[in-house]
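Below: one structure, written as structure tokens.
Protein chains get the first letters and strands the later ones, always in sequence-line order, with residue 1 at the start of each.
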Number of protein chains: 2
Amino acid sequence: MHSDRFQEIRSLPLFADISDESFAALTRGAYVQNFPPHIEMITEGDPADFLHIVASGRIELFSSWDRSESSIAFLKPYDTFILAATIKDRPYLMSARTVEKSRIIMIPSEDIRTVFERDSDFAKAIVVELAICYRGAIKQMKNIKLRSSAERLANYVAKHHKRAGSTGSFELPVEKRKLASFLSMTPENLSRAFAALRDHGVEVSGSLILIKDPEKLDAYAKPNSLIDG
Amino acid sequence: MHSDRFQEIRSLPLFADISDESFAALTRGAYVQNFPPHIEMITEGDPADFLHIVASGRIELFSSWDRSESSIAFLKPYDTFILAATIKDRPYLMSARTVEKSRIIMIPSEDIRTVFERDSDFAKAIVVELAICYRGAIKQMKNIKLRSSAERLANYVAKHHKRAGSTGSFELPVEKRKLASFLSMTPENLSRAFAALRDHGVEVSGSLILIKDPEKLDAYAKPNSLIDG
DNA sequence: CGGTTCTTTGAGGACCATCAATACGCGTGG
DNA sequence: CCACGCGTATTGATGGTCCTCAAAGAACCG
């Protein structure tokens, strides 16, 4: 069957509850594209012709202004982007590039809007997805506005350590230069912030982060479900 | 008729296209509440029992952490808050307080979710509203991450000047201390930033902002529809 | 291997926060 | 009307955080 190519996304929250008919309508015009690493696939300001879904690989969302740029988010399978622009039929607010080789599923915005009108289960799923995105953006804003750069890094380390199973170590999923930008600091400062975390139970060796003393780290980071949750 | 009290919000984007039946269901359990100035009406972390709509007055959304706080947004009639928490049935991420005496319409979250399930026009309106909120949050993040504090102020002034009709002057809608927090700077620094804007065609007298040379201001602010739009 | 890019470290400076003191605005009550 | 008190706004002095610039070391890749 034609839509077999897209079975991998059928069970995503965005599509799990919609009818087979709606899913078929969404995937009929969709296609899969492979991108090599470090390719800019979306440029901010362009019209939002497709909803994108990360099937494999890793994507960086970033934004530029006056010859400086800043990382806004990193996406992994099966995150979607950029739903809001698709729905509103407005230009992208962020650019997107591959961090590594990635496979992307692209669904025409037209089809999204059509099915959205017809299938209320899909509309509901979109609402939930958007609400999650919005709340994520607010959390990130609080993170930047309320915490120092060292605290942001400490919380980043604590969060990813837990996410990786609290095994005492984890690999940074992106290079440090991008992480620095994501955390609103320079690469130089990130180095110094990592050095400062040694006093709080964290050691660094390349992209491998060792958490020697999780409690000590948490005591410093003071993670908060309303920012990091 | 019972729902007459709420005619003022019937034509809001969120409700304009929904059926009379749905609107009645939403307003049946709703009520209007008056708040004096400087009252904290919502505390972050609390369950989101109501969708709030500003009927009159002015509301500040802010967030606290480790005995510091930061303004996230200012709301005017007829802005809504906080839709995402209501939909997701999660706790508020931000606190809200009145800036001035305000009248607030409150609709039980339960009713929002019920009508949301039944009326796809309402679901669609919510999607649009959420998409706008999300894009607004992203723009604000870009503003903070990509511009200096003086540039943020310059763009704030330029934007509000245009919004007020480009008449050469406008009144600040909030006190400077709150504006400073909103723009991620201290009150002292805001003073100095205003002083710096004198070189770019802006003069200040109390809460009255005079734009002597709009082109000069724009040349410095470099407003961008993907950040300020 | 050689070139490229990223990371780290150091020195200096810009920006911004903090602290402190003064000035201003405004409402209250004398 | 003026004195007073309170909160806010401004201004100056100082210090800390963070950025910039520069250079060396490390990792990556052809």
Residue that, paired with B/S71, satisfies side chain to side chain donor-acceptor pair (under 3.5 Å) out of B/R177, B/K178, B/E60: B/E60
Of B/D213, B/L217, B/L210, the residue whose pairing with B/V202 passes side chain to side chain contact (heavy atoms under 4.5 Å, CB included): B/L217
Parallel, tilted or perpendicular: ring planes of B/Y220 versus B/H200, cut at 30 and 60 degrees: parallel
Sugar-phosphate, base or nothing in reach of A/S207, heavy atoms under 4.0 Å: nothing
Distance-minimising heavy-atom pair for B/D199 and B/K216: O-CE, 3.4 Å
D/dC18 phosphate, OP1 or OP2, under 4.0 Å from A/T186 side-chain N/O: no
Sequence-aligned protein contact record of nucleotides 5-15 of chain D, with B where the base is within under 4.0 Å of a protein heavy atom and S where only the sugar-phosphate is: ---SSSBBB--
Neighbour count above 12 (heavy atom, 6.0 Å) for B/R97 CZ: yes
CZ (B/R10) with more than 12 external heavy atoms under 6.0 Å: yes
Contacts under 3.5 Å, N or O only, protein and nucleotides 25-30 of chain D:
none

Audit row: B/L226, A/W65, side chain to side chain contact (heavy atoms under 4.5 Å, CB included) steps and yes/no: CA-CA 10 Å; B/L226 299 178; A/W65 193 76; over 6 Å; no
Presence of salt bridge, B/D228 and B/R147, under 4.0 angstrom: yes
Geometric cation-pi criterion B/R163 and B/F170, 6.0 Å radius, 45° cone: no
Chain A contact limits on DNA chain C, taken 5' to 3' with a cut-off of 4.0 angstrom to heavy atoms: C/dC6 to C/dA11
Over all atoms of both residues, closest heavy-atom pair of A/N155 and A/A221: ND2-O, 3.0 Å
